[in-house]
Amino acid sequence: MRFLVSNDDGIYADGIKALRRALEQIGDVIVVAPDRERSASGHGITIHRPLRTKLLKYKGSSSLGYAVDGTPADCVKLGLEALVEEPPDLVLSGINLGPNLGTDVLYSGTVSAAFEGIINHVPAIAISLNTWAEPNFAEAAQFITEYIPHVLKHRPPPGVMLNINIPHGIKPKGIRVTKLGNRRYIDVVDRRTDPRGRVYFWMAGEPENIDEHDPETDVNAIKEGYVSVTPVQIDVTNYQYIKKLKEWPINK
Ligand code: MN
């Protein structure tokens, strides 16, 4: 099996290293990832300047790495179109430091890297670990190697990828197939003053999980100690509303 690995935490992040090492046990790995952290960069791509790559070799491993001065989506696009000789069997993005739940998927570079896989007709999964501090990626990496054969056997339909979130510091109670929760961030903008007296703003905030008690949501699954697997898709058309929208007189 051949795997293309990326993520938005940057190519030197511990999570990407843990995933590469685990995948090396079951196949060939090429890592194409940003040369620095690009978390929350969404699906941005770089079109107004060139992209540079730096080839990395890993001690005791035949895997190759490419550090790219671009976004996660750039990395997967570049990897699939220009760096791999044959298409991989699977694109994996992760293991991300921090969860990607609910509306996080819209901002997430981790999820966007996986989306770039399915845009290019390669099955893809995004993997995130539910912790911010002192992460231990080993168990999550092990879980993913066991989950991969099932992904390749059942193959999600074109345009659909799996967004996987893994609990941290506990043995997961099991796997739950979920929907995205309704998560938003509150108290996001911190207004501060710099040493020269000028006001600046820093985006931060705390997540507010509006439907965290709904057992169908990813947020609830993680809260309850389960691995959450959500199928997410490129097509964000609201089909239910098409008919009603056509009924607006101006649209007729
Ligand atoms: Mn990240």
Side-chain angles (χ1 to χ4, degrees), residues 3-23 29-46 51 54 56 65-79 90-119 124-141 143-144 147 161-169 180-181 183-185 188 190 202-207 209 218-219 221-222 227-230 232:
F3 304 110
L4 189 146
V5 171
S6 194
N7 190 26
D8 65 5
D9 292 344
I11 198 159
Y12 304 107
D14 289 340
I16 216 167
K17 182 175 169 187
L19 181 59
R20 170 179 62 79
R21 287 205 169 146
L23 295 175
V29 184
I30 177 169
V31 182
V32 187
D35 59 3
R36 70 202 77 175
E37 183 177 354
R38 301 296 301 263
S39 289
S41 59
H43 209 107
I45 53 170
T46 304
L51 286 171
K54 186 182 165 198
L56 305 177
Y66 291 90
V68 181
D69 63 346
T71 65
D74 285 333
C75 291
V76 174
K77 191 181 273 294
L78 193 72
L90 188 66
V91 167
L92 301 100
S93 181
I95 300 168
N96 192 60
L97 179 59
N100 278 298
L101 300 163
T103 45
D104 292 344
V105 303
L106 298 174
Y107 306 108
S108 170
T110 303
V111 172
S112 287
F115 265 131
E116 196 57 44
I118 53 172
I119 286 171
I125 61 177
I127 310 128
S128 306
L129 191 63
N130 185 42
T131 185
W132 295 108
E134 297 178 36
N136 179 354
F137 292 101
E139 285 178 13
F143 169 81
I144 289 303
Y147 200 74
M161 54 145 285
L162 303 182
N163 184 43
I164 302 176
N165 282 275
I166 300 177
H168 183 256
L180 296 179
R183 178 181 174 94
R184 63 175 198 134
Y185 285 79
V188 167
D190 206 349
W202 201 314
M203 302 267 269
E206 288 294 319
N209 299 313
D218 55 355
V219 172
I222 280 294
V227 172
S228 167
V229 183
T230 312
V232 292

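In each ligand, atom 1 is the first atom listed, and ligand 1 is the first ligand listed. Small disclaimer: the values here were computed from a predicted structure and weren't measured. We use all heavy atoms of the structure for the numbers below, so side chains are in, but hydrogens, waters and symmetry mates are not.
Note on Asp9: counted as a metal contact of the Mn ion (ligand 1), an N/O/S atom lying under 2.8 Å. For Ser108, every N, O or S atom stays at 2.8 Å or more from the Mn ion (ligand 1). At a threshold of 2.8 Å, the Mn ion (ligand 1) has no backbone or side-chain N, O or S atom of Thr110 nearer than that distance.
Electrostatic pairing of Lys54 and Asp35 does not count as a salt bridge here, judged by no charged N lying under 4.0 Å from a carboxylate O.
Contact record, Ala73 with Gly44: CB-O, 3.6 Å, taken as the closest heavy-atom pair. Between Thr71 and Arg38 the shortest heavy-atom distance is CG2-NH2, 3.6 Å. A pairwise comparison of heavy atoms in Leu97 and Thr131 identifies CD1-O, 3.5 Å as the closest pair.
A donor and an acceptor atom, one from each side chain of Asp9 and Ser39, are located under 3.5 Å apart.
Between the OG atom of Ser39 and the OD1 atom of Asn96, the angle taken at the Mn ion (ligand 1) works out to 170° after rounding to 10°.
Minimum-distance N/O/S atom of Asp8 relative to the Mn ion (ligand 1): OD1.
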